[in-house]
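When a residue number appears, it is its place in the shown sequence, counting from 1. None of these values were measured; they are calculated from a predicted model.
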Amino acid sequence: MLNPSTAERLALPTAVAPTEAAAEYWKTTLSDAPELLELPTDHARPARQDHAGASVGVELDEELSAGVRALSRRHGATPYMTLLAGWAVLLSRLSGQEDVVIGTPTAGRGRREIEGPVGFAANTLAIRVDLSGAPTVAELLERVKERALAAQHHQDIPFEQVVELLRPARSLSHHPLFQVAFAWRNTPGGDDLSLPAAEAGGGLAGDVEGGGPESSHVQAKFDLTLALGEREGRIAGSVTYATALFERATVERWLGYLRRVLEGMVADERGSVERLELLPDAERRRVVEEFNVAWVKDPREAFVHEQFEAQVERTPGAAALVFEDETLSYAELNARANRLAHHLRALGVGPDARVGICVERGPGMVVGVLAVLKAGGAYLPLDPAYPGERLRYMLEDGAPAALLTEPALRPLFAGATLPVVELDAAAPTWASLPPTDPGRGGLTPEHLAYVIYTSGSTGRPKGVRVPHGSLGATLAVAGDAFGFGAGDRVPSLASFAFDIWLFETLLPLLGGGTVRLVPRERVPDVPRLVEDLAGCTAVHAVPALMRRIVEEVRAAPGGVLGTLRHAFVGGDAVAPDLLE
């Protein structure tokens, strides 16, 4: 928060804008802001917000505290603004979101003419911090300073009225507009500010005299609240956290990250905030080296398509894919993928070249993915069920070198200038190409295997680049854990635009199992889906679908799927009764 002397030093206007102007400011500033800051919680978010909390003390040493103050002075900012910027960097890095909204209390003394008769009138401000475009530390400080001053200038409208103006989707599980707060006390000996209790939210817990041992039995109105102030030359305070979401060890680890972020900001104000170090050396070694030993023993293990080729040599006549009345053996599937891979290479597909795939569920989907990997490229899944605007955006943003699709779906990409290959053409141009494995070429584990896009629920969809080494390591660990083999029969239910499709579809093929491709329209038709599960040894489904499967099986004669030995459920909170 800014007290009057701070506002004067920073040339903050003393006359606050009329309520109408303030309302327009908040509507414009917070329009389309993300509804939820998706931090990696230790526990699933409860359906109704649980306000039980605890707090952990934090204290910056004298050198770092002085560095924060000096950095602030160089940029005409206050320590509050610098610390708010560092907190936003940490929250952005933890959540993967470039758009972060943080709640902060303010003294509510914008109008000098009412300060005397009204006295203390705390309010809550929602500060939206934009971290897009890889800003430098200096650029981020300027953004935060601008937003903080503008918010102070329009502070007279109560927070609950801001909520009513914006009408965000309300949820009992989290606070509206923001879920993380930051409080700063810059008046030694003065009363701590707290976020006022209101229908939209409640008080801000946090002992700004902190730095001591953990406190329990604290009310946590938000997921996380960082409360800091000056104490004997040091910046100190505490973090209050919701115990329903976080463990103490996680919060303590994140406080270590915050210190490293602030140290990086102080050390290099011209550096990009994206490159600020979070992990200490020991943790970085554990994440980068120890967690990634699955495939480094043998680089060949990193290439999933080569593992599949090895399985083809072992069981060429075994059933690899079943789709409705069609069955493809391992040898047949491999030959189709090889011919297409040779064709893709002739089109210029090689390491890191992306190939869009937009097909309905069927053998062509698996053929296309294997062919792209064999050619050395990276596949870009384009689910035909997605809206046309999203598909066109992904095609433009992903910039593939070629597109694999079907005649019925070509209108979705009218006007596309890249080469288009029809997978189910009556007489494909690659039918006469050799069925032999195309060879590795210059492919390495660091080259891309696929690019998959996020949902876009917090903004525009973003492409996530996954290299061959990561894909190979993931499937190797899953294979070791669950041991899919020649006797396994696994249904493929998920969209291939989700990573779990690789677990359902490619992983069984690496061990000699059979994949049953379930048509899209049969997946939500649970009675028919259960028929498809007959004879299967494993199944994966999200909790909502798995619950319906369980209910359908219970109602069926016999009430069991006799061959099932693995049931995987994930992607959302899993209720204990569903596990039972």
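Put simply, the side chain of Tyr450 never gets that close to the backbone of Arg354: no donor and acceptor are under 3.5 Å apart. In this structure, Trp87 contributes its side chain and Ile102 its backbone to no donor-acceptor pair below 3.5 Å. Here the side chain of Glu263 pairs no donor or acceptor atom with the backbone of Leu258 at under 3.5 angstrom. Formation of a donor-acceptor pair under 3.5 Å by the Arg248 side chain with backbone atoms of Val56 is not found in this model. Side chain of Arg234 to backbone of Asp61: no donor-acceptor contact under 3.5 angstrom is found. With hydrogens and angles disregarded, a donor-acceptor distance shorter than 3.5 Å links the side chain of Trp26 to the backbone of His154. No donor-acceptor pair under 3.5 Å is formed between the side chain of Glu24 and the backbone N or O of Ala21. At least one donor-acceptor pair under 3.5 Å links the side chain of Arg143 to the backbone N or O of Asp130. The main-chain N or O of Ile235 is found under 3.5 Å from a side-chain atom of Ser65 such that the two form a donor-acceptor pair. When atom types are taken as modelled, the side chain of Gln97 and the backbone of Glu38 share a donor-acceptor pair closer than 3.5 angstrom.
Side-chain atoms of Glu446 and His468 include no donor-acceptor pair closer than 3.5 Å. A donor atom on one side chain and an acceptor atom on the other are found under 3.5 Å apart for Gln152 and Gln155. Between the side chains of Ser72 and Thr78, no donor-acceptor pair of N or O atoms lies under 3.5 Å. There is no side-chain donor-acceptor pair under 3.5 Å between Thr106 and Asn123.
Taking the six-membered ring for Trp and the full ring otherwise, Phe159 and Phe178 have centroids separated by under 6.0 Å. A centroid separation of 6.0 Å or more is found between the aromatic rings of Phe568 and His540. Phe222 and Tyr241 have their aromatic ring centers separated by at least 6.0 angstrom.
With salt bridges taken as basic N to acidic carboxylate O contacts below 4.0 Å, one links Asp577 and Arg547. Remark: Arg147 does not engage Glu142 in a salt bridge, criterion side-chain N to carboxylate O under 4.0 Å. Ionic pairing of Arg128 and Asp99 is present here: one or more N-O contacts between side-chain nitrogen and carboxylate oxygen are shorter than 4.0 angstrom. Under 4.0 Å is where a charged nitrogen must lie from a carboxylate oxygen, and between Glu230 and Arg185 no such pair does. For the pair Arg253 and Glu283, the salt-bridge criterion is met [side-chain N within less than 4.0 Å of a carboxylate O].
In this structure, the separation between NE2 on His447 and OG1 on Thr444 is 4.0 Å, given to the nearest 0.5 Å.
Between Phe182 and Tyr80, the ring planes lie parallel to each other; the angle is under 30°, not in the 30° to 60° tilted range.
Evaluation of the side-chain contact (heavy atoms from CB on, under 4.5 Å) rule for Arg392 yields Glu389 as partners, not counting sequence neighbours.
For the pair Arg390 and Tyr386, the cation-pi criterion (under 6.0 Å, within 45° of the ring axis) is fulfilled.
For the pair Thr104 and Thr124, the minimum side-chain heavy-atom distance is 4.5 Å or more.
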